[in-house]
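All figures in this text were calculated on a predicted structure; none of them were measured in a lab. Convention: sequence-line order gives letters A, B, ...; per-chain numbering from 1.
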Amino acid sequence: VASAVCVAPSVSLSASATTVDSNNPNVTLTATLSGSLCGGNVLAIYNELGDIVNARWWYDLGGATQWPVNTSPPEYQTRTYTAYVATTLPSPGPPAGNSSNSVTVQHLGWPGTVTLTANKAQVDSSSPTATLTATLSRPLASSYILSIYDELGDKVISKYWYEMVGQTQLVQNVSPPEYQLKTYTAYVAKNASSPGPPTLEVRATSEEVTVENLGWQGSITLSSNRTQVDAGNPTATLTATASLPLPAGYLLSIYDDLGNKLLSKYWYEVPYTTRQVLLNVNPPLSQTRTYSAYVARDAPSPGPPRDTVRATSSLSFASGLLTSETMEGVDLTWLSSLATDEEFALLLSAAPMATHVQGSSLSDQTLAFNAARAAGLPYPKPLIDAALAGGVGGALLWWLADELDGMEAAPPAAPAVPLPIPEPPVITAPQPRSGTPTYQDELVRIYLQRAVARGKQMSLVAAQAAAVTCLTLTAVSISHGALPEFIDGKHPCEALPISLPGSSAPQTTHADRVAITTRNKAWIKLTWKSKVDRLADFAAENLPRDWYRAEQICTTIPDQQACHEYPYFTSGQSGPASLAGPPGAYLEVLGASDNSSGGSFYRHGFAGPCLLDGQPDTGQANGEAFLVIPLDFPRAPPSFPICLP
Amino acid sequence: VTELSTLLLELEETWRRKGFDQGGCLAPGLPPEDIVCLLASEGLPAPTEVVDWFSWRNGAIGSTYPPGVTVELVPARFEPGSLAGCLGAEFGRGYRLELAKRLANEFRERGETGETSTPDFWWRTNWLPLMFSNTDVLAVDLSSGTDSVNVLAIADDADAFWVPRTDSLADFVRLLLSIPDRLWQFSTLENRWRVDLRALSLSKQNAGGLLDLLTA
C-alpha cells in the first residue's frame, strides 16, 4: 500500500495592529495554514533580522491551522515579520520552505508630552511655597520616570511608572530660597539621575517654569505714645509694628544708638495678627537718644543687627523731645518738611516704583497718603502709610528723599595709596540709608532714575549693589592709577554706562572680576568696537577670531566648556598682547552655557540698549567707553545694565 | 549627483592637493534614508543639501582627535558635528533650543520686552547647527522649503545672526574653494593649517562674507 505524500501547507500572516506604543506594546501575529503541518514540519515566525520570534513543531501544533503569537518590536523601532513552514530552525534565519506574506509593525515608543505649571510665579517669605503640577498627556509606560529638576540639575521629585499607575499628574510644592529665582523643568525619561537633568531616552521635556522668592516684602514702623518726656512723665512707650508677619528665622529687635539691645523677639514670639511689640523707654533728658527697630536674622549684643537686615525704623529724642522718625534710614520728620500735601501727592504718583493695583490713575501710594491726610493724621504718618502701600517701602522713601533734598554729595576722594584687592561686597538686602546723604546714596538714586528713564524697574537691592561694588572696584583701579578719578568732571560710576554681569552667568562674572582685579586694573573701563571692525583689526595682524586656541589654557576645550576671554572680543582692548599690548587678554575655560549667557548679556543686554540704542552695530559706537562692574558674590542680582540717560 | 556633492568632493581633492588630509579625520557619510529619518524624528524637513552634507561626511571622528590633527572645515576651527551631535542636547540643536529658552528668560527677568525676550531671537526651531567653534556655530536654516539652505553664523556677540551669510551650502563650499592656495599656511605654533588673513581683502564689501565665515 502506497502511503499518501504529505505536502507542506502554505502559510499567511496577519497582525492585530501595524503600530504599537509603550503603553500598549504587544501585537498579535496570527499565522494561518492552508492545512495541517506534515510530520517533521515546523511553523516559525522570523523578523527581518533573522531572529526567531516563535516556532511550533508539528507535534505541538496538533492539527491546528491558526497560531496566534504575541510579540513587541523594540521601542521606537520597526520590525517586519514573516512566517515559514520549514523543516529546520536556523539561527539566524530565515529557513528554507514555504513563506508567508510579510507584515510590518512599528513601535511608536512613548509618544506623550508633559506640561509643567506653577500656581504662582512669585512667592515671598510670608508665603514661600508654590505648587508645581506636571501633567502627562498619557500615562507613563513601563520603565519610564517622570521627574522635575531645577536649573542647577537638582532633582525636585521623581516617580517611577509603577508609582503612577492610572495617574497623569504629579504635584509637588517648592520653596525657592529667599531672593532667588528658580527654574523648573519636567521630564519623561528612563533615568532620573542626580545631578540631572535626565539623559537616558528622554521622551518629553516640558516648558520651563520659573518661581521667584521675593523675600520678605514687609516694612517696620516705630512710633511713640509721647512726643515729649520730662521728669514728671519720663517714660515713652515705643510700638514697633511689622507690616507683614515675620518669616521663620527672623527676629524683631529694638536697639539704642549705643548698641544696647533693649528687646528682641523671635518670629514665633511676635503676635501674628498685630505684629506689634511694645517697649517702655526713658530717654535721657539732657542727651540725644535714638531707638531703632529691626527685622533681621540676628540680634547680637552689642548691636546693631547685621545678618540679612530686611527693614529698619528709628526714633530720636533730643533732651526728651521727639525730634525725628526714620524709616529705612530716611528721616521722615525731615522729609515731611520738604514739600506740601499737594506736592507729595503728585510725587507719589510720579515715583518710578509707584503701583496701581487699585486701578486708579493715582498711585496706590498717593491714595494711601491722601486717606491719611483726610483722616487728619499728622506727618509723618501719611508718608509711612504711602510707603507701606504696595510694599514699596524703602525704595519709595529713598526716591522721595533724593528728589526733594536738593543736595549733591561729593564723590569720594582718590585714595592716597594703592588699595589692596577687596573682597567682593555682598549686597543681598536693602541697606539702610545713611543719615547724611553720601555719594553712594546719590548713585543709588541716579541708577534707579536711569532705569526708570528706560522704562525698566530696578530693585533697590540691585541699585545698591551696583553703587557699592562700583565705588569699591573703581577705588582700587583709581588708587593704582589705572582709572581717572573723574571723567567729564564726574566720578566714573556716574559718567559712564555700566555693564554689571551678575548671577545670570556666575562663572563668567567671576572670571571678569579676577581679570580686572588681578590682571589689569585698567580693564575696569573698556571701549566698544563692533565685531566686524574688531575682526578686521585681528585680521590685519593675521590673528584669527579663535586666537586663544594658540594659548595653552585654551588649546583643548573639554565638551560643554568654552574659552572665555576678558576683555570681551568686541572691545578695543581684546586679544593677545601682540594686538592689544601687554598683558594680553585673560583666558579661562568655563561652562559653555554660562559663557554664552555672559556674551549674550554683554552684546544684547548691555551694548544693545546702552551703546547702540537698539540699532544694528555699524561701528557707530566704536570707541565709546564703559565700565564693567562684576557683581561676583553669592545671591548677587542677575546681570543688568545701567545706561546713561 | 548634486552640485553640493560635486563641490564637497572637490574640496576633499583640494585638501589632498595641498597636503593636509582633513578627510581622514571625518567619519563616513550616513545613508540618505537614515538622515531623513533622524531629521523627521525631530520634526525637521530634510532639504537635499543637508542630506548631501551628511551623506558626504558625518562629522569628525570621535571627540578626541589623533595627536597633531585638527579637524576644521573653516579655518577658525569650526569642527563639523555628526548629525546626531548636531541634533542633540549636548551641544547641538537640542542644547541651543534650551539655551535660547534660558536666555529669553534671563532677558525677560531683567525687564526686556523686545525680541531678546523671546527664544526665537536666540535660536529658531528650524535652525540646525553643522559646525562648532567654542560657543560660535555655523548653522543652516531648514525652513526655506527648497533644496538649498541658508548658512548662518551665530555667535553670542554677533549682530543679526539670522541674516544668511551664504544662500546655500554650495555657495559656502564654493567660498572655501575660492581661497587661493597661496594663502594657506601651516602654523607650526598651532599645528594646523590656516589662511593668511592679511592677504584677504579687509574691505567688508569685497570680502563678500568670507572674512565673517573665516573668523565668525
Side-chain angles (χ1 to χ4, degrees), chain A residues 76 151 181 183 185 199 202 205 207-208 210 212 451 454-458 504-505 530-532 535-536 538-546 548-550 554-555 557 559-560 562-563 568-570 592-593 595-605 607-609 614 616-617 638-641, chain B residues 41 63-64 70 72 75-78 89-91 94-99 101-116 121-122 133-136 155-160 163 185 187 189-192 194-204 207 211-212 214-216:
Chain A
Y76 292 92
E151 76 287 357
L181 182 134
T183 302
T185 309
T199 52
V202 180
T205 304
E207 292 286 310
E208 290 176 350
T210 58
E212 181 179 20
R454 290 183 55 233
K456 309 294 176 198
Q457 292 284 344
M458 182 186 293
S504 310
S530 81
K531 181 156 192 184
V532 170
L535 285 171
F538 272 58
E541 296 294 323
N542 197 23
L543 287 165
R545 167 68 187 93
D546 65 336
Y548 43 79
R549 300 294 288 263
C554 287
T555 304
I557 304 173
D559 285 350
Q560 300 185 324
C563 188
Y568 310 124
F569 181 78
T570 46
S593 172
N595 196 30
S596 282
S597 188
S600 300
F601 165 70
Y602 172 59
R603 168 61 186 84
H604 300 282
D617 189 4
S639 312
F640 64 99
Chain B
S41 71
S63 56
T64 308
T70 62
E72 57 194 47
R77 288 207 195 200
F78 272 96
E90 205 163 313
F91 53 83
Y95 164 75
R96 287 278 157 181
L97 286 169
E98 282 301 310
L99 180 64
K101 279 198 280 186
R102 194 161 75 78
L103 291 174
N105 202 33
E106 278 176 19
F107 276 71
R108 263 199 309 278
E109 279 166 23
R110 67 175 68 103
E112 299 297 334
T113 53
E115 53 189 358
T116 51
F121 177 82
W122 302 103
S133 176
N134 208 29
T135 53
D136 298 351
D156 304 324
D157 58 1
D159 244 23
V163 176
Q185 295 176 337
S187 162
L189 182 67
E190 297 174 54
N191 200 24
R192 62 162 163 160
R194 277 189 41 194
V195 171
D196 185 346
L197 296 164
R198 286 168 299 191
L200 286 171
S201 164
L202 295 184
S203 153
K204 289 175 223 170
L211 190 63
D212 266 7
L214 296 180
T215 54

Spacing of CG belonging to B:Asn134 relative to CD1 belonging to A:Ile557, to within rounding of 0.5 Å | 4.5 Å
Where does A:Ser596 contact chain B at under 4.5 Å (heavy atoms): side chain, backbone, both or neither?
-> both
Comparing A:Cys554, A:Gly608, A:Cys563 against chain B, the one with the most heavy-atom pairs below 4.5 Å turns out to be A:Cys563
Stepwise side chain to side chain donor-acceptor pair (under 3.5 Å) test for B:Asp156 and B:Thr135 = CA-CA 7 Å; B:Asp156 304 324; B:Thr135 53; 3.2 Å; yes
Mind ranking B:Glu98, B:Lys101, B:Arg102 by heavy-atom pairs under 4.5 Å with chain A and telling me who comes out on top?
-> B:Arg102
To the nearest 0.5 Å, what is the distance between CZ (A:Arg545) and NZ (A:Lys531)?
-> 5.5 Å
Relative to the ring of A:Tyr602, is the ring of A:Tyr568 parallel (under 30°), tilted (30 to 60°) or perpendicular (over 60°)?
-> tilted
Under 4.5 Å from a heavy atom of chain B, the part of A:Thr183 involved = side chain
Quick one: which of A:Gly598, A:Pro609, A:Ser600 has the most heavy-atom pairs under 4.5 Å with chain B, could you say?
-> A:Ser600
Atom of A:Phe569, atom of B:Asp157 and distance for their closest heavy-atom approach = CB-OD2, 3.8 Å
In terms of heavy-atom pairs under 4.5 Å, which option from A:Pro638, A:Ser593, A:Ala592, A:Ala562 contacts chain B the most?
-> A:Ser593
Contact leader toward chain B among A:Pro616, A:Gly605, A:Ser639, where contacts are heavy-atom pairs under 4.5 Å = A:Ser639
Which region of B:Glu90, side chain (C-beta onward) or backbone (N, CA, C, O), has a non-hydrogen atom less than 4.5 Å from a non-hydrogen atom of chain A, or is it both or neither?
-> both
Checking heavy atoms, do the side chain of A:Glu207, its backbone, both or neither come under 4.5 Å from chain B?
-> both
Can you say whether A:Tyr548 sits under 4.5 Å from chain B via the side chain, the backbone, both, or neither, judging by heavy atoms?
-> side chain
Highest number of heavy-atom pairs under 4.5 Å with chain B among A:Ala607, A:Gly599, A:Ser597 belongs to A:Ser597
Does B:Phe107 have its ring centroid less than 6.0 Å away from the ring centroid of B:Phe121?
-> no
CG/A:Asp546 to CZ/A:Phe538 distance, rounded to the nearest 0.5 angstrom?
-> 10.5 Å
side-chain contact (heavy atoms from CB on, under 4.5 Å) between B:Leu103 and A:Phe601: does it pass, once the steps are laid out?
-> CA-CA 9 Å; B:Leu103 291 174; A:Phe601 165 70; over 6 Å; no
